[in-house]
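Step one of this worksheet: look at the structure below.
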Amino acid sequence: MGEPVVEVRGVWKVFEGHEVLRGVSLTLPRGTTLAVMGPSGQGKTVLLRLIAGLIRPDAGEIRLFGHRIDHLREEQMLPFRRRTGFVFQTAALFDSLSVFENVAYPLREHTGLGEEEIADRVQTFLSLVGLTETEELLPAELSGGMRKRVGIARALVLEPEVVFFDEPTAGLDPTNARLVAELIAQLRTGVCDTAIVVTHDSEFAGIAADQMAILHEGQFVATGSPAEIHRSTNAAVHAFLTGELRGS
Ligand SMILES: Nc1ncnc2c1ncn2[C@@H]1O[C@H](COP(=O)(O)OP(=O)(O)OP(=O)(O)O)[C@@H](O)[C@H]1O
Ligand SMILES: [Mg+2]
């Protein structure tokens, strides 16, 4: 197994007295894609934001690349931001910026690359997600699936060592969902081989992930390979996989 890229130890997160995460732990070795699944409102997005250093835990430890990040100030997080990519649940594009400028944004923030190199990289990553000839469009002029793919190109443009995907296929029609799922599965052999994918889509998780973890009532109730998870006898896991606890 590769060295740990992400380590989460006993993490708690409480919002206004509501214990969203109650002692969550996980280890993500390099070269692994982990699917985090669970019903709506269970704290999947909160967990991803904690791991990416966008919010802080109330207790517990979070390490990226072997370094504690849970107590860092924003400017201390910058070197870690450069090595990680985040695909938000809502694509979270800048509405007033063109597709080109959205994807170029991390390059302008984190590198001293010249315009020519930036244009090259933006084109490379837009073509990777199947979006050539959209560079001058604004996000409002794109379909939902296209916006998701722009968000993925933006998350990948710095060639991060790990990518965090929050519901990359949710809200897409079946064709676009498959396109995005195939793209994510394909990334493993190219741009980035280590990822956490939050998803409701167990078929996609079975294809794209080698590990699955099911979040229920603030804790992981099962972790293992997709085959192991499907054999789980845990009632919450069974209910989730059969759709009774699917949520949104
Ligand atoms: N900034 C915040 N302030 C207060 N409560 C929050 C905040 N962020 C998340 N929560 C609460 O934490 C809980 C978990 O939210 P989260 O968005 O992580 O769920 P989720 O598992 O991602 O759900 P979904 O599958 O619908 O995306 C919810 O009850 C939510 O209201
Ligand atoms: Mg969420």
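Start at 1 and go down the list; that is how both ligands and their atoms are numbered.
Here's the thing with Phe15: none of its N/O atoms is less than 3.5 angstrom from an N/O atom of ligand 1. Taking only nitrogen or oxygen atoms, main chain and side chain alike, Gln42 reaches within less than 3.5 Å of ligand 1. An N or O contact shorter than 3.5 Å links Val46 to ligand 1 by distance.
Against a heavy-atom cut-off of under 4.0 Å, His18 is close to the following atoms of ligand 1: 29 (O). Close approach to Glu167 involves these atoms of ligand 1, each under 4.0 Å from a residue heavy atom: 25 (O). Atoms of ligand 1 found under 4.0 Å from any heavy atom of Val20 (numbered from 1 in listed order, with element): 12 (O), 13 (C), 14 (C). Atoms of ligand 1 lying under 4.0 Å from any heavy atom of Ser40, numbered from 1 in the order shown and given with element: 23 (O), 24 (P), 25 (O), 26 (O). With ligand atoms numbered from 1 in the order given, ligand 1 contributes 27 (O) to contacts under 4.0 Å with heavy atoms of Gln89.
Listed for the Arg9 side chain is no donor-acceptor partner under 3.5 Å among the backbone atoms of Glu61. Between the side chain of Ser98 and the main chain of Leu137, no donor-acceptor pair closer than 3.5 Å is present. A donor-acceptor contact shorter than 3.5 Å links the side chain of Lys13 to the backbone of Arg56.
When each of His110, Glu161, Glu159 is checked for a side-chain hydrogen bond (donor to acceptor under 3.5 Å, both in side chains) with Arg83, only Glu161 meets the rule.
For Thr45, heavy-atom contacts with ligand 1 shorter than 4.0 Å involve the backbone as well as the side chain.
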Could you walk me through whether Arg81 and Glu74 satisfy the salt bridge (charged side-chain N to carboxylate O under 4.0 Å, His left out) test, starting with their C-alpha distance in whole Å, then the side-chain angles of each, then the deciding distance to 0.1 Å, before giving a yes or no?
CA-CA 10 Å; Arg81 298 232 187 287; Glu74 181 53 30; 2.8 Å; yes
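Thr45 and Gln89 are linked by a side-chain donor-acceptor pair at a separation below 3.5 angstrom, with hydrogens and angles left out of the test.
Considering only non-hydrogen atoms, atom 20 (P) of ligand 1 lies nearest to Gly41 out of Gly218, Gly41, Gly38, Pro39.
Between Glu19 and Val14, the closest side-chain pair of non-hydrogen atoms falls below 4.5 Å.
Distances shorter than 4.0 angstrom do not occur between any heavy atom of Arg49 and any atom of ligand 1. At a 4.0 Å cut-off, at least one heavy atom of His200 sits close enough to ligand 1 to count as contact.
Residue Gln89: an N/O/S atom is found under 2.8 Å from the Mg ion (ligand 2).
By the neighbour-count criterion of 12 heavy atoms within 6.0 Å, atom CD of Glu133 is sparsely surrounded, having that number or fewer from other residues, nucleotides or ligands.
Of the charged side-chain nitrogens involved, none lies within less than 4.0 Å of a carboxylate oxygen, so that Arg68 and Glu7 do not count as a salt-bridged pair.
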